[in-house]
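First comes the structure, then the notes that go with it.
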Amino acid sequence: MTRVAVIDFETTGMSPLQGDRATEIGVVLMEGEQVVDRWHSLMNAGVRIPYFIESLTGISNAMVQAAPPAAQVMAEAARFVGDTPMAAHNAAFDRRFWQAELALAGQAAPQPFACTLLLSRRLYPQAASHRLGALAQWHALPASGPAHRALADAETAAALLARIRHDLRRQHGVADVHHGLLLQLQTHPRHRLQSVIERHLA
DNA sequence: TGCCAGGCCCTCTTTAGGGCCTT
């Protein structure tokens, strides 16, 4: 059974290269379409959270100041994930922070990332919006808690990934949706979706 | 001083521009 760690970060901004840091991490472990474990933590990276971000996430400076150090949290996250392949909604964003925060903690980040945003754009071009919350509504996914909190958003992304796996099985005839197939699908143009699947099935 | 993300995707494209998505 394919095991995937679905991750979501709350951060102080968009880019670790600009000095932005993670404030919260949530990880949901899936086997196939089932959630088998979950883990989350606030983290203190020693930087101030802008007011706009506080308002967006509800994560305050006082909350992160009371949280464990970022390096300690990331070491625990790395142990929890191990070498499990990963997924996230707009994975380019979470992968940047995963790699940057682990690098600051002296840890490697070798895991490949599947992206539910890229996969949704290919599988559901008729959706009006591919934001995580909009897709959750569009698919009628189960509610997972307040948006813009790491574990709730990781749960929603995990439910979306389960839906993607389900639709690949039921609508496209893929018996076993390997992580490698997801990585292939997300890197090909939308119009080549079916040919990639057919090559995989051959 | 002034600027400030990065990458994918579409199209009135490819010698480019702008919208979307993540916080």
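Since the model is a prediction, treat every value here as computed from it, not as a measurement. Just so we're on the same page: letters track the sequence lines, and every chain starts at 1.
Taking atom C1' in both dC12(B) and dG17(B), the straight-line distance is 11 Å, to the nearest Å. When the P atom is compared between dT15(B) and dC3(B), the two are found 29 Å apart, to the nearest whole Å. Taking the C1' atom of each, dT23(B) and dA16(B) are spaced 28 Å apart, rounded to whole Å. A distance of about 15 Å separates the C1' atoms of dT13(B) and dC8(B), rounded to the whole Å. Annotation: dT14(B) and dG18(B) have their P atoms spaced 13 Å apart (nearest Å).
Protein chain A contacts DNA chain B over a range whose 5' and 3' limits, counting nucleotides with an atom under 4.0 angstrom from a non-hydrogen atom, are dC4(B) to dT23(B).
For Q137(A), the CD atom sits in a loose shell: 12 or fewer heavy atoms of surrounding residues, nucleotides or ligands are nearer than 6.0 Å. Shown here is H40(A), whose NE2 atom has no more than 12 heavy atoms of other residues, nucleotides or ligands within 6.0 Å.
Base contact: Q18(A) has a heavy atom under 4.0 Å from a base atom. When heavy atoms are screened at a 4.0 angstrom cut-off, R190(A) is found touching the sugar-phosphate backbone but no base atom. Nucleic acid contact for F97(A): none, since no nucleic acid atom lies under 4.0 Å from a heavy atom of the residue. Using a 4.0 Å heavy-atom cutoff across all strands shown, T23(A) reaches no nucleic acid atom at all. Using a 4.0 Å heavy-atom criterion, one finds that D20(A) contacts no nucleic acid atom at all. At a threshold of 4.0 angstrom between heavy atoms, the contacts of T12(A) with the nucleic acid are absent. Nucleic acid contact class of I53(A) (heavy atoms, under 4.0 Å, all strands): base.
For R165(A) (side chain) and V177(A) (main-chain N/O), a donor-acceptor pair under 3.5 Å exists by modelled atom type. Checking side-chain atoms of H148(A) against main-chain N and O of I59(A) turns up no donor-acceptor pair under 3.5 Å.
Within the 4.5 Å cutoff, the side chain of D153(A) has no heavy atoms near those of the H89(A) side chain. L185(A) has its side chain within reach of L168(A): a pair of non-hydrogen atoms, C-beta onward, lies under 4.5 Å apart.
Between F52(A) and S15(A), the one whose closest nucleotide on DNA chain B sits nearer the 5' end is S15(A). Comparing L118(A) and G13(A) by the nucleotide of DNA chain B that holds the closest heavy atom to each, the one mapping nearer the 5' end is L118(A).
Hydrophobic cluster membership for M86(A): I7(A), F9(A), M14(A), I25(A), V27(A), L29(A), V36(A), W39(A), M43(A), V73(A), M74(A), F80(A), V81(A), F93(A), F97(A), W98(A), L102(A), F113(A) (Ile, Leu, Val, Met, Phe, Trp, Tyr linked by side-chain heavy atoms under 4.5 Å, directly or transitively).
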